[in-house]
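The model shown is predicted, which means the values in this text are computed figures rather than measured ones. Reckoned from all heavy atoms, side chains included, excluding hydrogens, waters and symmetry mates. Labels below follow one simple rule: chain letters A, B, ... track the order of the sequence lines, proteins then strands, and each chain is numbered from 1.
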Amino acid sequence: MPKKTKTKTIGRVAKNPGYNHKTIEKKWQKIWEEQGTFRADDGSLKPKFYGLDMFPYPSAYGLHVGHFKGYTLSDVVAKRKMMEGYEVLRPIGFDSFGLPAENFAIKTGIHPAAATKKAIENIRRQFKAAGLGYDWSREVIASSPDYYRWTQWMFLQLYKNGLAYRKKAPVNFCPSCKTVLANEQVVEGKCERCGSGVSKKLLEQWFFKITDYAERLLEGLELIDWPEKIKTIQRNWIGKSYGTDIQFSFFTGIKEEDDKKLEVFTTRVDTLFGCTYVVIAPEHPILEKLKPLVSNWEEAASYMAGALSKTEIERSAEDREKTGVELRGVRVVNPVNNKDLPVFIADYVLMDYGTGAVMAVPAHDQRDFLFAKKHGLPIIEVVKPKNGETTLPERAFEEYGVLQNSEVFSGLTSEAGAADIAKYLAKRGQGKTTIHYRLRDWLISRQRYWGAPIPMVKCVKCGWQPVEDRDLPVLLPRIKDFKPTSDGKSPLARSKAFVKTVCPKCGGKAERETETMDTFVCSSWYYFRYTDPKNKAVFASPELISKWLPVDLYVGGVEHAVLHLLYSRFFTKALKDFGYVEIDEPFSKLYSQGLIYYQGAKMSKSKGNVISPDSIVVQYGADTLRLYELFMGPMDQASEWSDNGVAGVYRFLHKTWHLRYKVSDSIEDSVGITKILHKTIKKVSEDLDHFRTNTAISALMILANELDRQLAVSKESYLKFIIMLAPMAPHLGEELWQSFGGTSSIFKNKWPVYDENLIKDEMASFVIQVNGKTRGKIEMKTGISEEEAKGLAKNSEIAHKWIAGKEIAKTIYVPGKLINFVTQL
RNA sequence: GCCUGGGUGGUGGAACUGGUAUACACGAGGGACUUAAAAUCCCUUGAGAGCGAUCUCGUGUGGGUUCGAGUCCCACCCCAGGCACCA
């Protein structure tokens with residue numbers, strides 16, 4: 001194929017050099033790096049802006065264009081903040097511990113440390129090639145000992161303050177990843193990472209007491225500027241319920257005083273008279289104590305074992321089939337009417353919510369209803385609808401209503417009845433109003449290799465002991481056989497050199513904890529480290545933390561709504577309580593970018609529909625990649641990638657480039673051009689304030705088209721246009737800025753300001769409507785009086801044609817916009 | 001089932017607190033330049049009727065409020081996401 005010229009001849013003026021993204025992008029990336037253009041100055045006196053992207057996970061497969069949407073947005077905001085006089089902190093690092101790296105290593109046989117290092121290098125290259133203005137001098141890598149030393153320190157702080165503890169409990173276990181998982185990592189009964197069905201295992205594990213912060217985590221949401229959607233997800237996850245704890249006493253045979261009572265939780269005390277049995281979760285510890293009384297213990301024990309062995313999916317896939325076993329020989333008393341009631345164990349009652357036991361009211365709870373039907377238990381209706389018909393006997397009636405069959409409380413409304421029954425119970429010491437949360441403590445132990453070792457030691461004499469701060473970090477040993485096993489033991493247990501240690505307290509023989517921490521622990525505090533990444537004495541100096549935090553803008557995906565975003569808030573609150581930080585919430589403003597779809601599906605490696613930014617950068621350049629992602633549609637909505645759309649913004653950048661040849665020092669712009677320029681400055685400034693990058697770009701395109709129609713363009717107008725474009729297309733911005741005499745980075749320059757007086761229109765076209773239908777328009781002065789405007793409109797041809805003899809009953813006048821004649825009423 | 005978002009041309013999407021629906025871009029069609037192609041530039045592009053100026057219809061569906069509704073209210077349908085035996 002014959003190639004005529006080396007320079008591309010895109011654009012009209014072939015003799016002038018064309019837009020060559022390859023040379024200018026490389027050139028500016030080098031300059032930025034050498035000059036430290038985007039490095040934050042801790043000593044600056046300017047107002048601060050901390051713009052942060054969610055800690056990226058260094059995938060071995062690199063990032064696809066979908067990942068760049070958020071990064072580009074925050075980059076635009078940060079660059080514009082620089083131009084508005086802020087000292088901008090925009091750090092980056094890598095959340096490099098965790099399951100995917102390890103699973104990749106297992107698959108390929110490459111050690112996770114080596115695989116991670118390579119993945120980081122690749123992504124670092126991708127970031128730089130996209131022109132993202134990170135302060136690389138602050139890079140933080142979670143799997144490096146300098147970092148995880150402080151992750152371990154965080155653990156110890158939580159431990160010393162009673163927020164890290166060990167307990168034996170049924171926990172989620174992924175048979176494929178061969179490790180336990182936090183509640184938040186189980187999605188619809190499946191492992192968040194690999195999709196395998198999760199089962200329950202009774203294990204002793206480390207937990208963080210996030211439940212102590214349930215209320216504060218809920219309250220804090222009121223004060224932060226986050227998408228309502230994410231706040232709602234967190235509220236639901238925390239799940240606050242007001243209700244009553246009620247004591248049912250056992251009839252006979254129990255020795256210890258404390259165990260004579262069974263406590264249940266209900267949100268519907270008003271239905272207490274309708275209780276016909278009680279149900280205990282199969283994992284409930286009280287069952288051991290009831291054992292001597294139970295005549296069918298074998299049956300019960302086998303049910304208990306069965307419930308535990310089921311996977312989450314099995315437990316819910318049975319489609320609400322309510323199984324259970326009656327504990328024969330055990331009876332309880334309903335405290336309000338002394339009725340003697342049977343006791344069941346059933347797995348529809350969950351051990352880790354409420355008290356692990358419920359009072360069953362089949363008439364007014366659908367689950368209890370199904371169970372009662374199946375087991376032939378009585379159904380007593382105690383709530384009648386206030387108006388309308390009850391859903392009984394087809395299904396439970398779950399609404400509020402008026403009480404009946406409730407002795408002295410009959411006739412009261414549910415609301416009043418609930419209050420009175422609760423008061424009655426409280427007076428007799430048989431119940432109290434309480435609050436329960438759905439939030440569970442955060443299980444952080446992992447039986448995996450690639451994580452930060454938990455800095456605890458088990459001494460034969462002294463039990464669990466924390467590693468001394470001065471002995472941190474507990475280094476992750478480099479072992480060859482890092483594969484997980486199904487025995488519930490961590491791969492680290494196989495390293496004798498690692499396990500064997502001495503007790504920090506007594507100096508005697510001791511063994512190290514071999515489990516590692518959930519990666520979400522690493523990412524719960526990294527935003528503090530960025531302020532002071534090299535500090536060896538503390539995780540970050542208090543001065544720098546208070547200088548930079550909270551994060552002013554945090555950009556990332558919604559998928560972390562109950563994981564990272566909840567955990568980080570918990571960490572910040574805990575660190576505040578320990579006296580290390582002064583803030584209560586780490587991220588003042590959160591923005592979640594929408595996903596990018598391609599070929600009708602979410603872009604993902606497994607679906608094989610990923611587009612690499614690398615190929616776009618080579619073909620069109622980083623500025624085109626950035627601009628297209630910003631132009632696709634509203635930032636917070638999902639949108640479909642279009643190859644043709646990319647070419648479209650590329651054309652716009654060419655046009656922008658070629659406009660430089662129309663720039664003249666000697667001309668002054670027409671009033672019309674000046675007006676459009678100032679309108680554009682207003683529009684782009686406001687749009688960017690609200691992250692409406694798509695309409696901001698559209699406004700810049702309109703301006704460019706308008707400038708292109710002129711024979712010549714003033715340097716001043718052109719440069720204002722370039723400054724506005726620069727945060728989005730930084731390489732092109734810098735290059736053009738420099739070619740017109742700019743000596744320092746365009747980002748050290750001021751963002752343009754519009755003049756309200758120059759925007760005002762002298763003339764406006766008034767829409768003429770008749771009976772609300774648009775019939776035409778008339779040009780009139782904007783300052784025209786109502787009378788005059790109406791008169792002009794009335795005498796217009798349009799009005800004559802459509803009114804034609806009919807009487808005008810009413811005239812609607814909207815200044816500067818519209819006149820509507822109403823002929824009939 | 002419950003809780004969020006969202007349904008606008010062939011496509012991605014504009015439309016401020018109710019006031020010219022479809023900005024900007026893509027695609028498509030036509031033309032210019034070219035031996036030709038690419039690139040670039042110009043014109044057309046919601047549907048229907050008409051030679052035409054124009055007219056009628058049109059923002060998921062059906063109602064309502066209003067001089068006027070993509071925008072507000074009611075009912076419903078569809079799509080995406082979140083939660084889901086939480087007592």
Side-chain angles (χ1 to χ4, degrees), chain A residues 1 4 8-14 18 187-189 227-233 235-237 239-241 243 264-268 271 279 315-316 318-322 346-350 352-355 357-361 364-368 370-371 436-440 558-559 561-562 594-595 597 602 628 631-634 636-649 651-652 654-655 658 683 686 692 694-695 697-702 705 708 765-777 801 809-812 814 817-825:
Chain A
M1 223 181 269
K4 279 184 189 167
K8 291 195 174 174
T9 51
I10 296 169
R12 287 131 288 176
V13 195
V187 180
E188 289 173 354
E228 220 24 68
K229 184 182 175 173
I230 294 185
K231 286 192 187 180
T232 308
I233 293 173
R235 276 189 204 106
N236 291 343
W237 191 262
K240 185 178 187 176
S241 288
V264 304
F265 172 63
T266 181
T267 54
R268 292 294 301 271
T271 64
V279 190
R315 237 167 124 155
S316 51
E318 281 169 41
D319 221 14
R320 295 160 191 252
E321 179 70 7
K322 301 284 176 287
D347 65 7
Y348 80 88
V349 174
L350 308 174
D352 42 13
Y353 181 73
T355 60
V358 302
M359 62 173 214
V361 185
H364 305 291
D365 181 289
Q366 185 60 12
R367 293 155 302 180
D368 298 339
L370 292 172
F371 189 86
H436 283 281
Y437 300 90
R438 291 174 51 187
L439 184 68
R440 313 287 149 85
V558 238
E559 66 272 18
V562 290
L595 292 168
Y597 284 75
K602 236 182 243 183
Y628 178 61
F631 187 58
M632 285 176 84
D636 54 355
Q637 268 175 41
S639 40
E640 173 84 19
W641 183 272
S642 145
D643 299 312
N644 289 322
V646 178
V649 293
R651 279 199 275 270
F652 167 63
H654 274 281
K655 184 178 277 181
H658 281 281
K683 171 102 178 119
E686 287 172 1
R692 294 189 294 246
N694 55 330
T695 49
I697 291 168
S698 150
L700 289 171
M701 285 173 167
I702 292 169
N705 290 340
D708 198 27
S765 63
F766 281 67
V767 172
I768 309 302
Q769 294 186 335
V770 176
N771 294 325
K773 289 210 175 184
T774 303
R775 294 302 180 187
K777 49 194 165 181
K801 181 177 172 191
K810 196 175 161 189
T811 308
I812 311 279
V814 183
K817 277 189 179 159
L818 153 152
I819 296 162
N820 182 12
F821 296 108
V822 184
T823 58
Q824 87 246 351
L825 275 178

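- Separating the CD1 atom of A:Ile233 from the P atom of B:U4 is a distance of 12 Å, rounded to the nearest angstrom.
- Shown here for A:Val279 and A:Ala346, the closest heavy-atom pair between the two residues is CG1-CB, 3.5 Å.
- With both ends at atom C1', the span from B:A32 to B:G19 equals 42 Å, rounded to whole Å.
- One donor-acceptor pair, N or O on each side, does fall under 3.5 Å between the base of B:G19 and the side chain of A:Gln769.
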Protein proximity profile, nucleotides 22-29 of chain B - base contact B, sugar-phosphate-only contact S, no contact -, cut-off 4.0 Å on heavy atoms: -BBSSS--
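- Among the protein residues, A:Arg692 comes within range of no part of the nucleic acid, since none of its heavy atoms lies under 4.0 Å from any strand.
- Without hydrogens or angle criteria, A:Tyr628 side chain to A:Trp641 main chain gives no donor-acceptor distance under 3.5 Å.
- Note on A:Lys817: a base of the nucleic acid sits closer than 4.0 angstrom, heavy atoms only.
- A:Lys817 pairs by the salt bridge (charged side-chain N to carboxylate O under 4.0 Å, His left out) definition with nothing, not counting sequence neighbours.
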Output field dot_bracket for RNA chain B (Watson-Crick or G-U, both distances under 3.5 Å, | for other-strand pairs) contains (((((((..(((......[....)))((((((.......))))))((((....))))..(((((..]....))))))))))))....
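- In terms of phosphate contacts, A:Lys810 brings a side-chain nitrogen or oxygen within less than 4.0 Å of OP1 or OP2 of B:C67.
- Not one N or O on the side chain of A:Ser698 forms a donor-acceptor pair closer than 3.5 Å with the backbone of A:Asn694.
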